[in-house]
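Notes for the one structure printed next.
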Protein chains: 2
Amino acid sequence: MLNRNRIVTAAVELIEREGADAVSMRRIAAELGVGVMSLYNHVPSKAALLDAVAEDVLSRIGFADDPSAHWTERVRIQARAFRRIAHHYPRCTMVVVSRQLSSTAGLLPVERALATLREAGFDGQEAVRMLRMFIAYVVGSLLREVGVTPTFAPVRADAVVAEADPALFPVLSELRPHLDSCDHDEEFEFGLELLVQAMAVRAAARAEAQAGREEGGRGGERAGRGGARQ
Amino acid sequence: MLNRNRIVTAAVELIEREGADAVSMRRIAAELGVGVMSLYNHVPSKAALLDAVAEDVLSRIGFADDPSAHWTERVRIQARAFRRIAHHYPRCTMVVVSRQLSSTAGLLPVERALATLREAGFDGQEAVRMLRMFIAYVVGSLLREVGVTPTFAPVRADAVVAEADPALFPVLSELRPHLDSCDHDEEFEFGLELLVQAMAVRAAARAEAQAGREEGGRGGERAGRGGARQ
DNA sequence: AGCGTGTCACGTACGCTGTACGTGCGTCAA
DNA sequence: TTGACGCACGTACAGCGTACGTGACACGCT
């Protein structure tokens with residue numbers, strides 16, 4: 001019996017196996033051993049199917065949230081969880097990223113992330129902005145890692161850089177060894193750490209201001225929750 | 001007379017006017033008042049044409065690099081320059097981002113950026129990583145801002161959040177007003193500032209270590225080039 | 001048992017796509 | 001004059017998404 005789940009799963013597998021370009025309704029139908037139009041009894045359109053694929057992949061994010069850990073560590077964990085599924089479904093990741101989906105699939109991660117940020121001491125506005133910034137970084141990184149990469153992300157610009165005239169691009173030529181190689185794990189962790197530290201600094205500044213205000217109000221007590229360490 | 005440039009320009013205009021999905025070789029040919037196959041005398045394939053489009057848009061990045069400015073400000077300026085063309089060609093931006101192109105089109109920005117970072121005191125490896133992180137953030141932000149939907153609905157997950165059960169997603173429901181509205185300019189600047197500050201801190205730490213090493217070597221002089229201010 | 005209704009797999013068909021290939025016209029070199 | 005070449009163009013084909021119709025089957029009601 002054909003159903004929506006079987007179709008989505010087949011689509012995911014097909015995308016991973018042969019790339020998003022290879023996906024067609026006929027191809028998926030063949031994969032399932034059914035007629036093309038049978039699919040439309042369960043999926044309204046190809047676009048909707050791709051949305052479902054994105055949603056499906058997104059919903060696979062694993063959560064091993066450890067409430068006892070420091071919030072900075074929890075942020076790191078969540079970012080890595082996101083990255084992990086992206087690496088598990090690299091080609092589907094492109095579908096996820098390039099598709100503006102509207103469903104509740106990606107809502108749980110958002111809820112968790114916001115809760116973590118509130119816990120860190122940020123107010124609503126700050127928490128949302130931090131999250132948006134974080135998502136931007138993670139998504140941008142994944143775009144680079146997953147292979148579909150704009151030139152300016154000098155990952156595999158090897159060939160290009162090799163051709164570049166050292167006179168025209170002196171710095172670029174000098175840094176070629178670093179541009180050629182790219183350890184995705186290290187790169188990701190580098191940026192992640194920088195971001196987390198920046199957030200921690202912000203949180204500390206916030207706590208400081210808070211303490212100052214309280215001090216001005218009734219004196220004493222230089223509090224320090226939401227530490228900036230590590 | 002038909003030529004590659006006219007074709008690319010027509011493609012860019014068509015994409016901006018009607019979206020990337022509306023682009024077909026026939027459509028472009030019609031736009032130029034020529035036969036379909038004439039295009040193939042100047043462009044090897046549709047894929048190559050889209051690459052050319054991406055390259056063309058990318059090459060339009062304006063550079064008003066001010067060497068006298070502090071490096072942190074120069075970083076900001078470069079990021080904004082990137083963002084500006086993305087906003088000028090929003091739909092083409094999706095093409096740029098989702099396409100792996102290999103050409104020298106995006107090389108000049110990279111050269112400038114790396115030069116700026118070297119100037120800030122980072123060594124080669126750090127400069128490259130900072131740049132990659134920055135690009136990830138900018139690209140991720142643009143992906144969010146530019147959206148993918150045919151209509152430029154600034155609407156994000158609003159509708160979804162509205163439907164979300166407050167019991168299941170307490171934080172999310174509480175922060176709904178902040179999630180609903182999204183001033184892209186402010187959001188971008190917020191993340192940009194956080195990143196720049198993080199970089200500045202790193203640069204300062206670097207300078208400190210450097211000074212410490214020199215002090216240990218011959219004593220005195222607590223230098224401070226590459227400040228962390230601002 | 002007969003019948004209406006609903007679900008679902010499927011075939012056909014239409015308008016669209018990218019592009020391989022052949023053809024004919026214009027211009028230039030020998 | 002002749003040959004070669006560049007370039008615009010038409011035709012043709014395989015493949016695409018999907019609107020629509022058809023027929024097989026399962027069901028509750030009379």
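Labels below follow one simple rule: chain letters A, B, ... track the order of the sequence lines, proteins then strands, and each chain is numbered from 1. Scope of the values below: all heavy atoms of this structure, side chains included, with no hydrogens, waters or symmetry mates.
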### Task
Could you tell me the separation between the CZ atom of Arg60(A) and the CZ atom of Arg84(A), rounded to the nearest 0.5 Å?
15.0 Å

### Message
How long is the straight-line distance from CD of Gln125(A) back to NE2 of His178(B), given to the nearest 0.5 Å?
### Response
5.0 Å

### Message
Testing the basics here: between Val146(B) and Pro90(B), what is the closest heavy-atom pair and its distance to 0.1 Å?
### Response
CG1-O, 3.1 Å

### Task
List the atom of Leu117(B), the atom of Met199(B), and the distance in Å for their closest heavy-atom pair.
CD2-CE, 3.3 Å

### Message
If you count heavy atoms of other groups shown closer than 6.0 angstrom to CG of Asp21(A), is the number above 12?
### Response
no

### Query
Is the number of heavy atoms from other residues, nucleotides or ligands under 6.0 Å of His87(B) NE2 greater than 12?
yes

### Task
Whole angstrom is fine here: how far is it from CE in Met1(B) over to C1' in dG26(C)?
11 Å

### Query
Tell me, which of residues 10-22 of chain A have any heavy atom that sits under 4.0 Å from an atom in DNA chain C?
none

### Residues in contact with DNA chain C, drawn from residues 25-37 of chain A - heavy-atom cutoff 4.0 Å
Arg26(A), Val34(A), Gly35(A), Met37(A)

### Message
Is the ring pair Tyr137(B)/Phe188(B) parallel, tilted or perpendicular, if the boundaries are 30 and 60 degrees?
### Response
parallel

### Query
Hey, which of Val12(B), Thr9(B), Val96(B) is the one that makes side chain to side chain contact (heavy atoms under 4.5 Å, CB included) with Asp56(B)?
Val12(B)

### Task
Identify the 5'-most and 3'-most nucleotides of DNA chain D with at least one atom closer than 4.0 Å to a non-hydrogen atom of chain A.
dC16(D) to dC20(D)

### Message
Pair Gln78(A), Thr116(A) - check side chain to side chain donor-acceptor pair (under 3.5 Å), show working.
### Response
CA-CA 10 Å; Gln78(A) 292 189 21; Thr116(A) 302; 3.2 Å; yes

